[in-house]
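Structure, as structure tokens:
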Amino acid sequence: MKNINPTTTNAWKSLKAHYQTIKDTHLKTLFKDQDRASNFTITWEDFLVDYSKHRIDATTKELLVDLANEVDLKGAINSYFGGEPINATEGRAVMHTALRDEGEHAFAKAEVSKSKQAIKNFTHRVISGEHKGATGKNITDVVNIGIGGSDLGPVMIVEALQYYKNHLNTRFISNVDGDHVMESLKGLNPETTLFVIVSKTFTTQETLSNATTVRKWFVEHLGEEAVANHFVAVSTNLEAVQNFGIASDNIFTMWNWVGGRFSLWSSVGLSIALAVGYDNFEDMLSGAHAMDTHFKEIPFDQNIPVITALLSVWYNNFFGAESEAVIPYTQYLHRLPAYLQQAIMESNGKSVDRNGDQVNYQTGTIIWGEPGTNSQHAFFQLIHQGTKLIPADFIGFKTALHGNKDHQDKLMANFFAQTEALMNGKTAEEVERELEKSTLSRKQKEQLIPFKVFAGNKPTTTLLIDKLTPASLGSLVAMYEHKIFVQGVVWNIFSYDQWGVELGKQLAKKVLSDFNTTTAMDHDASTSQLILAYKSVN
Ligand code: F6P
């Protein structure tokens, strides 16, 4: 991949100048153009992506696409899909797209299809009851033990596809918090529970501790012999899994060319395939593959991941916006913001460029969100009337899965009303007119006006999708994955490593050993004080 400081490009310089001309223009003014909504909308398969409520005009879009061209996004896409080691600091290719593609990645094809076959066979056996627990009973509960990418993707998808779920109950244990582990085990019958331990490295402290505790609890109930029927693992580290006491027949493989936060498409998604069945899992892969093809082949000015990424760069680097909200108008996607927090912030939260130099511009955005309408009653006040500019993605589905029109109408009315309100706001004159009928005195009315004014001009992208299906969900997640990639290319950073999580892990080991030592500790005064306070009761 090329190594270009984006701020040195002609497009960046032009965007800087252009920003000065458009920064104060209100979206209401931009909407005087009758064709704006259709000009800034992409329709693709069952997706309608309306980005007309953004503070851009045709020139902005042109310059942003110029920027993508100047940083050689096309070449970078070819490197990404071509299996080049674009995760340079770890010397790895980034090939999660090969997991959802039947033909193109010849080198990975055989391994991927073998792995998929293993997932298919196993999930079929568990769901059908052919695979029994050690005492001959059918499996009723699946517990996924993993953290980060080995938890967030699977839990997000299982929650999102609840409607498609079979009879298996699914639980997720992630945090090393022992209370979380014990609460998660409450009510479980070891005879009918399958534990799926997911760790790409099989060295992660949280997952290994949780798995050890759970295994101990299990052995206390059913004995060592029963482990083989109730424990499977997903990992690249076969030796460590075997040392943990899981037989090689019960190990599902993955590869170093699949990053943890992009791994739900691999056997890391075993709990997804168990929860919704292999066919739905496969449909999700197909949906993601369709988005991969769109991303690879469609010109940048009509390309959903490219346009959404460039819009994010526009606000992050020119308007100085620090965060972005993701608001799904469906409860099914309630874990999407949490999943995206890892995907986006672990990928693009970097301050060193691909040269190893400190960047002199902003990179990764902060991601947060909650489902609408809950979020309206929580933090929308700040988005509407606060001092910060927060571009937001609004995601919704035309059809409700349970078909309750009354609820769906209300949900979607709120969705559309919010983006309209964020865009238009409400002027002092409009507030004044509204107050005309009120019984307040003229003075009281005048005093109230400034508090009831909405500046508007708050940008949103609307992602309106026909229906929440495994395939449309796959496309949506793949869209965000590619958006992350595009942003990393523009910012000239490495999106696929995560060195920033290492220091805390190292120090946690040191602190843990200091809990059990009486010798002098080597910490700052604050940390030492905290350790001593903890030790005084433990
Ligand atoms: O948080 C750091 C990280 O390495 C993530 O990137 C990864 O998803 C998570 O830990 C879990 O790692 P593993 O699957 O190896 O247990």
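Atoms within each ligand, like the ligands themselves, are counted from 1 in listed order.
- For ligand 1, the polar-atom distance check finds an N/O of Thr201 within less than 3.5 Å of one of the ligand's N/O atoms.
- For atom 12 (O) of ligand 1, the nearest non-hydrogen atom of the protein is Thr204 OG1, 3.5 Å.
- At the shortest separation from atom 10 (O) of ligand 1 among protein heavy atoms lies Lys505 NZ, 4.3 Å.
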Are Phe262 and Val94 close enough, and set up right, to give a side-chain contact (heavy atoms from CB on, under 4.5 Å), and what steps lead you there? CA-CA 9 Å; Phe262 303 98; Val94 176; 5.5 Å; no
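- Taking the ring centre of Phe244 as origin, the terminal cationic atom of Arg215 falls inside the region bounded by 6.0 Å and 45° from the ring axis.
- If you number the atoms of ligand 1 from 1 as listed, the ones under 4.0 Å from a heavy atom of Ile147 come out as 9 (C), 11 (C).
- Less than 6.0 angstrom separates the ring centroid of Phe252 from the ring centroid of Phe122.
- Between Met254 and Lys200, the closest side-chain pair of non-hydrogen atoms falls below 4.5 Å.
- At least one heavy atom of Gln342 sits under 4.0 Å from some atom of ligand 1.
- At the shortest separation from atom 2 (C) of ligand 1 among protein heavy atoms lies Val501 CG2, 3.5 Å.
- Not counting sequence neighbours, the partners of Ser323 by the side chain to side chain contact (heavy atoms under 4.5 Å, CB included) test are Ile366, Trp368, Ile390.
- Counting only heavy atoms of the protein, atom 1 (O) of ligand 1 lies nearest to Glu346 OE2, 3.4 Å.
- Using a 4.0 Å cut-off between charged nitrogen and carboxylate oxygen, Glu502 and Lys505 count as a salt-bridge pair.
- For ligand 1, the atoms sitting less than 4.0 Å from at least one non-hydrogen atom of Gly149 are 7 (C), 8 (O), numbered in the order shown with element in parentheses.
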